[in-house]
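Atoms within a ligand are numbered from 1 in the order they appear, just like the ligands themselves.
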Amino acid sequence: MRVLRVALEVPVAKLFDYLCDDAMAAAAGDRVVVPFGARERVGVVVEVGDGSAVAGARLKTVVRVLDNAPRLSADWLEQMRFLSSYYQRPLGETVAGALPPRLRSLKPLPKKRKAAQENVGSDPAQFAPGPAPNAAQTQAIERIGAAFGRFRPFLLHGITGSGKTEVYLRLIAAVVARGQQALALVPEIGLTPQLEARFRHAFPGARIAVLHSALEDTARTQAWLDAARGEAQIVLGTRLAVLTPMPKLGLVVVDEEHDPSFKQQEGLRYSGRDAAILRAKLAGCPVVLGTATPSLETWQNARVGRYELLTLPERAVPGARLPTVRTVDLREESVEQGLAKTVIEAIRSRLSRGEQSLVFINRRGYAPVLACEACGWAAGCKRCSARLVFHSKDRRLRCHHCGAEEEIPRTCPTCGNVDLKPLGRGTQRVEETLTAIFPEARILRIDRDNSRKRGELARTLEGIGRGEGDILVGTQLLAKGHDFPNLTLVCVLNADSALLSTDYRSAERLFATLAQVGGRSGRREQPGEVLIQTRFPGHPMYQALIRHDYAGFAGSQLEERESAGFPPFVFEAALRAEATELATTMAFLKAAALLVPAPEGVCIYNPVPHVITRRAGYERAQIVVQSPSRPALQAFLAEWNAALPASASSGVRWHLDVDPIEFD
Ligand code: ADP
Ligand code: ZN
Ligand code: ZN
């Protein structure tokens, strides 16, 4: 009899020991059925040993070993161990979270796809090449290609439309031709239907497994199995795809590496980008981080030579150039319903030429505030310290933090005034204004409110690409990776609000968003133009955008970060807590801060309530911990995590977030 240490999906930070008959030949990485409490569960064997700390008589025996999926490799287990320890989450939870639900249930797995359904006989390495690469692309392909077979991280810094995707495709073709697998991570698949189509077109004979969280159970399990069996040559997916076993992994690509959606915001709060680098290290293969606006962490890594920097400085389509960026000074221009005269005239000229315009405002709904001008009352959420957003389509008030909804009050609840006013503007109000100014134009609004149904957004985006819609009004949803050939104007409405934010990352984010949304224009022969409405036209961030000077912007940001002692010059973690009373939350955090004395080089800050303190009825606060040394921070976190009370008996819910990127 041997003893198996099994990871189970239970909220306890330990592994469970089970006895196992030698005849069963169970090994690390096997999925096993074990008795747990009154029922049976599926777990993953993490270690095989001879002894156990548990008294022999109390040890239960493994029911059976499951062999309907490949044994999880040592590499994969190593990745799980690392993530579990780095992000301070139990190994059982980490392992379980990385498997599709079906693989941790007792339900049978979906049948293996019939060969007839596949493009059998065709050559998986068949490649339909795009345009011949230019000099910069060739250089990138050669440098990265020279690193096949060993770990090496690259930053592919290429402006929007510089042909980064072409570089990925050629490298993937080379890896597949070597008989290996390629993993390509993107921020959100639903937003980039063109990308999947491009992959399928480029690799007509390959098996491509697409993996993201919106997949239904069977499809996700199937894609996972294809990857884990080594049968899919290419895995294209969102951050969770980085947790998929790929026995022949030869290349990892992270597109738009700066995108915040690579960071998981619950459970195992991992960075998909950082996990991708670890993954490549374990597999011994190159990893390519591609973006027009690297995160400052990545840029710093390139500056100090940890990552090799490859640059694509020009747009790839001959004749296509980056758009001209200009600010529109709101202090000087006449403004009609939030739109400056210059902006209105620029849209008018595009309409007369039959070109498309995009109006970008990062707020959905009609107006962010509904207020009484007589007494100053404003509609607020009962469960959050936040205003309710007025939605005009169905005339309701909605909380964008907890999802609560209300009817619009007929009169002011405080003074009885019947004249309540929407203040500020969101996409719906901009749409209304544009309809009034340009009654003949076809106006399309694109935000989460009208893109909820699966596939709906993809269809709308495709339509826009074919020239549908004269004026597009939209949020961030429109900013990512789409190719709209006929779009020549981008107008940005309320960017200033982000500049005034207290979050030190907001300038970095705004720069990335504006560069990305601006990059939607002028992707063909007609030049593009970006107009940014602002009260601070001299702001260095806008000036850098005008010059298309990412490096200058990043350099000055890094200087500020270094002198202020912010990442990437220090490492951070946050202990976040919430309870129904703020006093309870704060008391918990104050006690937590004293549990483990801060070692040399680690700084524990005082507990601070979140900017939006109450959310969904919980009062939230956090402690930030910093250190210039990652190992010192890691050692402290491990000790702290072990000392923190495991259960929420005090009515406090808490979690640790390592390398946090959201603070409100
Ligand atoms: P990115 O991923 O950097 O935004 P893409 O790879 O999508 O850029 O390329 C942008 C456009 O340029 C696409 O239409 C692509 O087909 C085209 N393109 C890419 N490389 C070349 C090239 N070497 N010559 C001509 N066109 C190219
Ligand atoms: Zn009032
Ligand atoms: Zn709310």
From the options Arg306, Lys263, Arg505, select the one residue that forms a salt bridge (charged side-chain N to carboxylate O under 4.0 Å, His left out) with Glu297.
Arg505
Show your reasoning for whether side-chain hydrogen bond (donor to acceptor under 3.5 Å, both in side chains) applies to Thr427 and Asp447.
CA-CA 8 Å; Thr427 46; Asp447 57 33; 2.6 Å; yes
When you check ligand 1 against the protein, what N or O pairs turn up below 3.5 Å? List the atom names and distances, or just say none.
unit_1, atom_1, unit_2, atom_2, d
ligand 1, 2 (O), Thr165, N, 3.0
ligand 1, 2 (O), Thr165, OG1, 2.6
ligand 1, 3 (O), Ser162, N, 3.2
ligand 1, 3 (O), Gly163, N, 3.1
ligand 1, 3 (O), Lys164, N, 2.9
ligand 1, 3 (O), Lys164, NZ, 2.9
ligand 1, 4 (O), Gly161, N, 3.0
ligand 1, 6 (O), Thr165, N, 3.1
ligand 1, 6 (O), Glu166, N, 3.2
ligand 1, 6 (O), Arg198, NH2, 3.0
ligand 1, 7 (O), Arg198, NH1, 2.8
ligand 1, 7 (O), Arg198, NH2, 3.4
ligand 1, 8 (O), Gly163, N, 2.9
ligand 1, 20 (N), Gln137, NE2, 3.0
ligand 1, 23 (N), Ala132, O, 2.8
ligand 1, 23 (N), Gln137, OE1, 2.8

For Glu355, give me all partners under side chain to side chain donor-acceptor pair (under 3.5 Å), at least two apart in sequence or on another chain.
Arg353, Thr488
Which protein N, O or S atoms does the Zn ion (ligand 3) have within a distance shorter than 2.8 Å?
Cys381 SG, Cys384 SG, Cys399 SG, Cys402 SG
When the ring planes of Tyr366 and Phe390 are compared, do they come out parallel, tilted or perpendicular, using 30° and 60° as the limits?
perpendicular
One pair to check against salt bridge (Lys or Arg N to Asp or Glu O under 4.0 Å): Arg448 and Glu456. What are the steps and the verdict?
CA-CA 11 Å; Arg448 291 258 175 232; Glu456 193 170 295; over 6 Å; no
Residues Gly528 and Ser521: closest non-hydrogen pair is CA-OG, 3.7 Å
Could you check Met246 against Val235 for side chain to side chain contact (heavy atoms under 4.5 Å, CB included), going step by step and ending with a plain yes or no?
CA-CA 9 Å; Met246 294 175 66; Val235 174; 3.6 Å; yes
Check whether more than 12 heavy atoms from other residues, nucleotides or ligands sit under 6.0 Å from atom CD of Glu314, and answer yes or no.
no
Is it true that the NZ or CZ of Arg653 lies under 6.0 Å from the centre of Tyr618's six-membered ring and within 45 degrees of the ring axis?
yes
Side chains of His258 and Thr291: any donor to acceptor distance under 3.5 Å?
yes
Validate the cation-pi geometry between Arg152 and Phe154: distance from NZ or CZ to the six-membered ring centre under 6.0 Å, angle to the ring axis within 45°.
yes
Under 2.8 Å from the Zn ion (ligand 2), the protein N, O or S atoms, given as residue and atom:
Cys372 SG, Cys375 SG, Cys412 SG, Cys415 SG
Any side-chain donor-acceptor pair under 3.5 Å between Arg315 and Thr160?
yes
Let me see the working for Glu578 and Arg615 under salt bridge (Lys or Arg N to Asp or Glu O under 4.0 Å), right down to the final yes or no.
CA-CA 9 Å; Glu578 56 181 26; Arg615 195 180 64 191; 5.1 Å; no
